[in-house]
Protein chains: 2
Amino acid sequence: MKLDERKKKILSSVVEDYIESAEPVGSKTLVEKYKLNYSSATIRNEMKVLEEEGFLEQPHVSAGRIPSTKGYRYYVDNLMKERKLSMVDIDYINNTINGFGDTDAIFEQVADVVSKVLSTPTVITRNNTDTIENIKVVKISEKLLLIVLMSKNGTVKDCIAKLTDTVEDSVIDQMTSILNQNLTGTPLGELHYALNKVIRRDLEAFSTVMGDIVNSIKYEMSKDLKKLNSGVEKILDNPEFTDIERVKNFINMISTKEIIDSALQKTEENKLSIVIGSENKEVLLNDYTVISLDIEKDNKYLGKLSVIGPKRMDYAKTISTLKYIKDKFNTALTSNKKEEAKGDNSE
Amino acid sequence: MKLDERKKKILSSVVEDYIESAEPVGSKTLVEKYKLNYSSATIRNEMKVLEEEGFLEQPHVSAGRIPSTKGYRYYVDNLMKERKLSMVDIDYINNTINGFGDTDAIFEQVADVVSKVLSTPTVITRNNTDTIENIKVVKISEKLLLIVLMSKNGTVKDCIAKLTDTVEDSVIDQMTSILNQNLTGTPLGELHYALNKVIRRDLEAFSTVMGDIVNSIKYEMSKDLKKLNSGVEKILDNPEFTDIERVKNFINMISTKEIIDSALQKTEENKLSIVIGSENKEVLLNDYTVISLDIEKDNKYLGKLSVIGPKRMDYAKTISTLKYIKDKFNTALTSNKKEEAKGDNSE
DNA sequence: TTTAGCACTCTTTTTGTTCAAGTGCTAAAC
DNA sequence: GTTTAGCACTTGAACAAAAAGAGTGCTAAA
């Protein structure tokens, strides 16, 4: 798997030319455009070796070469140079991810920015390993309760329960303490199951009121499973989408939550996960590359942001941008601007 | 614009056959398939008249006829018979729209059901003519306020404001009463502007805390503008989507909030709005039909549900289904199941 | 008023031809 | 041993011509 300098140069030229042109790259193009000081025949011989080694592919005998999954992988791991972001992009990112709003809002902002800067569909999934720290129940009116869930990470969730009957303040206090005893420390993702247990074991006495509360919480939590899709249409401008069937398949795939979920495994500590073409376990994704980064706040895992594009995506730009975004994202999450004064923007 | 019985029969046969087959309908097909007791020559003469009158169109001289916008319009207004829903659909609708959850949840359920039963993209837009009735501010902890907005229609919205500084209870009371004095009666859709006015005029004294509160409310309200899109991919299975450009245009269009918004005018009292092809003011929609119904609760207008399909959509099924859905929808909204005991479903 | 018959038009499908791109191989050159 | 010029070969793309098929409009007869 060791390539000499000339082969490396050829491979990276093929990858970069193909990323730019979407056309198979021939030996002549390579010599002329990338000033390789050899004749096209030499390049041809080298390309043949690269093909035999599995780095390049040939769509058909009279076409140039395109990178294989293995070729892209080698390029990403060994040959690619990271790229500086353009000032335009930097400005746009900095101005848009301003950290205002709650976590949900920031997630939305980021998904939007990424899909705009990279012209690529962007998916954000949330994963709640965050745990319940405290539950408060506040009586708003005769038949309205507010339930506030505070998590260890500092997220505050709340929901309203409309009651069937009026309820004594003392009963509310009792229920609140039972809820706290049973649920403190429960990961938000598992709250659903925990609630079912609680309602069976301890709370039959308060059944209807408790039912109202529990259902209200369950519904609020279900919102969190939501997947955030942004800029799906962007990918359709790539030249690989001239085939109608492919468009349909892609739209279907991206609309199917399960497929995307399955495609995203946990990434390595602090690194971007790059899954190229057939490296994807999900067969439907074998023609695409998925690049994901973990979203963290105070070292807690909150979820994952992924962009999806053709294998022929601009790896250098995508990766540089995502790394930059990751920092901004973290800053936005930790320094929640809600806590800062807002007197300045009078609009 | 009066058509004799034979012309009516021919027109409705052309429309129905074209809806089914997506192919221009010729005179021979008509005679054989729809047992018209005339020769194909007679039918041809009649079709020619119908074309001259603008009810039919001919893609080219050696093709059959397809309905024009005017033809579809006549069909929908005069010829179409409503169809009984299948038991499968009725069951599915009844089981899925169960009225549990808050208004948002019900909207989502309905959008999902509609797009599944009709295999068509479904868009729900919310329009808040609903007005503020009461605002409560509850102190949850030192630096956390809960703001609860209650509307005339009974919707309850709430949001959390994280404060920069601690705040006296008396200040909160003061602010609450100022908010109520200024905002009661304001339509939710205009709250954004009203808040800006308020903060300038009366509340400079409390600026930072008030800023926190106002921004929190603004953010919460912005969620309401959200458009709900369901089943966009469904439309791509129609044979008109073999042209790649058309697919891209459609996906772009449906992703562009403004276009859809502009397409939806207020409908007549208690009726479905059916806008066919070139009847759409928005040029990009001229090849599509948009059918919308108003969503109401206790005679208040809450928003609009629309399905979008090719002009060649199955009008009879779509309209029958939407009428049925409208009832279910209203029932779900009024008899909010949150208020009913949930002891029965122990899962 | 209806219809059989037919010439006509236009699209779709098929088939064949040419063209250009890019290769692999061979033999010569470095 | 490595590199290169040269050339035969393969293949897809583009184009043109031909053939097939569908459905019409019109005429003249029933």
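Because only heavy atoms are used, hydrogens play no part in the values below, and waters and symmetry mates are left out as well, while side chains stay in. Chain A is the first sequence line, chain B the second, and so forth, proteins listed ahead of strands; every chain is numbered from 1.
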Length of the line joining A:Glu46:CD and D:dT3:C1', which is rounded to integer Å
11 Å
Figure out the CD1/P separation between B:Ile66 and C:dT11, and round it to whole Å.
14 Å
How close or far is atom P of C:dC6 from atom CZ of B:Arg44, stated in whole angstroms?
13 Å
Provide the Watson-Crick or G-U wobble partner of D:dA30, both distances under 3.5 Å; none if there is no partner.
C:dT1
In whole angstrom, give the distance that lies between atom CG of B:Asn45 and atom P of D:dC26.
9 Å
How close or far is atom P of C:dG22 from atom NZ of A:Lys33, stated in whole angstroms?
12 Å
Is there a donor and acceptor pair closer than 3.5 Å between the side chain of A:Arg65 and the base of C:dG24?
no
D:dT3 phosphate, OP1 or OP2: any side-chain N/O from A:Arg6 under 4.0 angstrom?
yes
Compare side-chain N and O positions of B:Ser39 against OP1 and OP2 of C:dT2 and report whether any pair is under 4.0 Å apart.
no
State whether a side-chain donor-acceptor pair under 3.5 Å links A:Ser39 with A:Thr42.
yes
Looking only at non-hydrogen atoms, find the nearest pair between B:Ser13 and B:Leu30 and report the distance.
CB-CD1, 3.9 Å
Under a 4.5 Å cut-off applied to non-hydrogen side-chain atoms, are A:Asp77 and A:Ile274 in contact?
no
Calculate the interatomic distance between B:Glu51 atom CD and D:dG25 atom C1'; express it in whole Å.
11 Å
What's the CD-C1' distance between A:Glu57 and C:dG22, to the nearest Å?
17 Å
Categorize A:Lys48 for me: base, sugar-phosphate, or nothing, with a 4.0 angstrom heavy-atom threshold over every strand shown.
sugar-phosphate
Return whichever of B:His60 or B:Asn37 has its heavy-atom-nearest nucleotide of DNA chain C closer to the 5' end.
B:Asn37
Students often get this wrong, so: under 4.0 angstrom with heavy atoms, is A:Ser27 touching a base, only sugar-phosphate, or nothing?
sugar-phosphate
Just how far, in rounded Å, is P of D:dT24 from CD of B:Glu52?
14 Å
Output the single nucleotide from C:dC10, C:dT3, D:dT4 whose closest atom is nearest the side chain of A:Tyr38.
D:dT4
Could you tell me if B:Ser292 and B:Ser306 have a donor-acceptor pair between their side chains, going purely by distance under 3.5 Å?
yes
Row check, B:Tyr324 ring normal vs B:Arg83 NZ/CZ: under 6.0 Å, within 45°
no
So what's D:dA20 paired with, Watson-Crick or G-U wobble, going by both distances under 3.5 Å?
C:dT11
Taking only side-chain N and O atoms of A:Ser62, does any of them lie within less than 4.0 angstrom of OP1 or OP2 on D:dC9?
no
